Trainee: 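I'd like to ask you about the structure that follows.
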Amino acid sequence: MSFAVSPQPGHASRGNLRIQVTQSQDQWAAAAAEHLACVLRAKPEACIGWPTGSTPLPLYAALRRRAAAGTFDASGSRAAMLDEYVNAPEEFSSYRWLRRQVWAPLGIATVLRITEDGEEFERVLRTWGGCALQLLGLGANGHIAFNEPGAAVDSRTRAVKLTAETAAANAAYWGGRFTPAEAVTMGMATILEASAILLLVRGAAKAGVLRRMLQEPIGPQLPATFLREHKNVTIVADQEAAAEL
Ligand code: PGA
């Protein structure tokens with residue numbers, strides 16, 4: 001099922017946001033993979049921005065299967081990191097996680113690592129022509145990458161402190177073996193410069209925040225609302241996440 005969402009009356013939006021709601025995890029992963037394949041067919045050397053987290057796991061598994069079967073080729077593409085913990089032991093770094101989950105199995109060799117030198121990261125990203133497609137997860141508190149509530153629409157790549165909620169969610173991801181306190185993140189403005197954005201949303205725990213991001217006034221209280229100002233956003237949601245729409 002696909003449908004367009006109209007902006008709320010009175011809220012400025014140039015956006016033309018599309019939502020694809022899928023019925024099973026396999027369909028969810030296939031829909032997201034097809035979106036990515038479409039971008040890479042048009043531009044094999046495109047830069048893709050890759051998120052970590054639980055949400056993209058079925059997509060990444062599907063991409064690995066397709067790459068192994070020879071039906072998906074991202075080996076000529078370039079990869080940019082969306083965020084990274086600050087002062088994390090290497091085994092918990094997002095860089096290592098993405099290399100194992102995505103880049104090595106997909107044969108992607110050209111990777112832009114995000115560091116606390118946000119200006120240099122953005123300079124290189126610009127020489128690459130920016131991200132043709134930025135994949136994103138949706139934080140339960142409405143964060144995008146590590147742009148926590150309060151982040152400005154014109155924020156750039158920088159170091160940030162994580163909220164207690166986000167730190168706890170990340171600690172849970174690592175089975176309590178590592179609790180991050182700080183991170184570097186692409187800023188909202190940096191993310192909104194991508195040519196296209198694919199927001200990945202899965203599971204009942206995200207139903208409330210997905211509804212809020214589409215209904216609340218656009219503003220820093222819920223950074224995900226800023227995506228409504230972008231002209232090319234697709235949301236791939238499963239039925240559980242779309243339950244409140
Ligand atoms: P999750 O995180 O995919 O692990 O739910 C999403 C996010 O916090 O951006």
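Just so you know, ligand 1 is whichever comes first in the structure, and atom 1 is the first atom listed for that ligand. We use all heavy atoms of the structure for the numbers below, so side chains are in, but hydrogens, waters and symmetry mates are not. Values in this document were obtained by computation on a predicted structure and should not be read as measured data.
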Trainee: Which atoms of ligand 1 are found less than 4.0 Å from any heavy atom of Gly53?
Mentor: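 Result: 3 (O), 4 (O).
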Trainee: With a 4.0 Å heavy-atom cut-off (strictly under), which part of Leu138 contacts ligand 1: side chain, backbone, both or neither?
Mentor: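 For Leu138, the contact with ligand 1 is made by the backbone alone.
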Trainee: Could you name the option among Lys206, His143, Glu165 that has the heavy atom nearest to atom 8 (O) of ligand 1?
Mentor: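 Looking at heavy atoms only, the winner is His143.
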Trainee: Looking at atom 1 (P) of ligand 1, what's its closest protein heavy atom, distance included?
Mentor: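 Answer for atom 1 (P) of ligand 1: Thr55 OG1, 3.5 Å.
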Trainee: Would you tell me whether Thr166 and Glu148 have side-chain atoms, one donor and one acceptor, within less than 3.5 Å of each other?
Mentor: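 Thr166 vs Glu148: donor-acceptor pair found between side chains.
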Trainee: Check the pair Thr225, Glu216 against side-chain hydrogen bond (donor to acceptor under 3.5 Å, both in side chains), reporting the backbone distance first and the verdict last.
Mentor: CA-CA 7 Å; Thr225 58; Glu216 281 192 10; over 6 Å; no
Trainee: Any side-chain heavy atom of Tyr85 within less than 4.5 Å of one from Ser93?
Mentor: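 SC-SC contact between Tyr85 and Ser93 ruled out.
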Trainee: Considering heavy atoms of the protein only, find what lies nearest to atom 4 (O) of ligand 1 and give residue, atom and distance to 0.1 Å.
Mentor: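 Going atom by atom, the protein heavy atom closest to atom 4 (O) of ligand 1 ends up being Ser54 N, 2.9 Å.
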Trainee: Arg202 and side chain to side chain donor-acceptor pair (under 3.5 Å): which single residue from Glu240, Gln239, Gln25 fits?
Mentor: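 Testing each of Glu240, Gln239, Gln25 against Arg202, the sole residue satisfying side chain to side chain donor-acceptor pair (under 3.5 Å) is Gln25.
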Trainee: Considering only heavy atoms from C-beta outward, does the side chain of Asp83 approach that of Asn147 to under 4.5 Å?
Mentor: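 No, side chains not in contact.
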